[in-house]
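The next block holds one structure in the form of structure tokens; read it before the comments.
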Amino acid sequence: MTARVIDGKAVAADVRAKVAAGVAKLKRETGILPGLAVVLVGEDPASQVYVRNKGEQTKAAGMRSIEHKLPATVSELHLLELIGDLNRDDGVHGILVQLPLPKHIDSGKVIEAIDPAKDVDGFHPVNVGRLASGQHALVPCTPTGSLILAKSVKSDLKGLDAVVIGRSNIVGKPMAQLLLREDCTVTIAHSRTRDLPAVVRRADLVIAAVGRPEFVRGDWIKPGAIVIDVGINRVPADGGKTKLVGDVAYAEAAAVAGAITPVPGGVGPMTIACLLANTLEAACVHAGLEAGAVGVV
Ligand code: GUN
């Protein structure tokens, strides 16, 4: 079998087009222009690229992009004060503080300072708890994007055995919650899981989010399974160059799976698309429209 390649770029473009249409409708009907504030602390090159892309795509969707760039030496208090200002600003509907933060800043404290209604990352304990208890929540973007890609292959995931490899707060745990909500039987595997290959071999749906290049091998994959690769790892390539690979050994897995996401071009483009969708959602709720009315995700 050769797997169907899931085109994350195309699916993400579709989500962005729906967001842009929703933004135009919200503006027309309420006069509200959704605004997304992104806070970047320090000069990490990868974070700078993410933040630039976020800004560009926010504007392309017709929303207002607000960027705050602070030096790596900024105090925690100053950052918390900025978040307080953004919480009170009626023109800001979404707030994202780019992670990781410098070591002298407590990221838990920073995340908790964000108004849960503006927490478009879905990292605030209120949103984490709402998702876990089945209430409406702002949901982390990478798991949402991964779910949309899985559902682009099979719209009804009910009863599937899903294995999530990785237990981070950003991906693994919320991913498991989303799959439970889809009526999957969910296993969260991690670095201490015994006989990981055997656990993964049971899965109809594999979500790999371990952050280790080509860690998941082809002979771990059940024939016909859907494989969603969340990893983005830069590794040495020929000629002294580097290349991006996922957490899954792509060629091996593609020979066995039913469908698989490539890296790059799979989950990556979905994250910002879902961030835009969350910002529109937050703006709609702010406007007094029903939660979930956006219908993008
Ligand atoms: N750094 C890497 N991924 C993310 C993300 O999804 N949100 C934030 N805030 N920072 C990140």
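Below, each value reflects all heavy atoms present in this structure, side chains not excepted, and no hydrogens, waters or symmetry copies. Start at 1 and go down the list; that is how both ligands and their atoms are numbered. We're numbering straight along the sequence, starting at 1.
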Cut-off 3.5 Å, no hydrogens considered: what does the side-chain donor-acceptor table look like for residues 33-53, sequence neighbours left out?
{"residue": "D44", "atom": "OD2", "partner": "S47", "partner atom": "N", "Å": "3.0"}
{"residue": "D44", "atom": "OD2", "partner": "S47", "partner atom": "OG", "Å": "2.9"}

Item to complete: State, yes or no, whether a side-chain contact exists between I226 and D204 at a heavy-atom distance under 4.5 Å.
Response: no
Worksheet item: Mind checking whether Q57 and R16 have side chains closer than 4.5 Å, heavy atoms only?
Response: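 When only atoms from C-beta onward are counted, R16 and Q57 do touch, with a gap below 4.5 Å.
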Item to complete: Give the contacting part of L96 toward ligand 1: side chain, backbone, both or neither, where contact means a heavy-atom distance below 4.0 Å.
Response: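 Looking at L96 and ligand 1, just side chain atoms fall under 4.0 Å.
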Discussion item. Below a 4.0 angstrom heavy-atom separation, can you tell me which part of T142, side chain or backbone, both or neither, approaches ligand 1?
Written reply: neither
Worksheet item: Can you tell me the protein heavy atom closest to atom 3 (N) of ligand 1 and the distance?
Response: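 Looking only at protein heavy atoms, the one closest to atom 3 (N) of ligand 1 is Q98 NE2, 4.6 Å.
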Worksheet entry | atom 1 (N) of ligand 1 - nearest protein heavy atom and its distance |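 Atom 1 (N) of ligand 1 sits closest to the protein heavy atom L99 O, 2.9 Å.
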Worksheet entry | For F123, atoms of ligand 1 separated by under 4.0 Å from a heavy atom | 7 (N)
Fill in: The one among I272, I111, V51, D121 that brings a heavy atom closest to atom 7 (N) of ligand 1
D121
Worksheet item: Is a side-chain N or O of Q135 found less than 3.5 angstrom from the main chain of R130, in a donor-acceptor match?
Response: no
Discussion item. Check this for me - ligand 1, V97, N or O atoms closer than 3.5 angstrom, yes or no?
Written reply: yes
Item to complete: Classify the side-chain pair H286/E281 by whether it contains a donor and acceptor separated by less than 3.5 Å.
Response: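 No donor-acceptor contact under 3.5 Å links the two side chains.
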Under 3.5 Å, side-chain donor or acceptor atoms of residues 94-104 against the rest of the protein: list the pairs with distances, not counting sequence neighbours.
{"residue": "Q98", "atom": "OE1", "partner": "K54", "partner atom": "NZ", "Å": "2.5"}
{"residue": "H104", "atom": "NE2", "partner": "V74", "partner atom": "O", "Å": "2.7"}

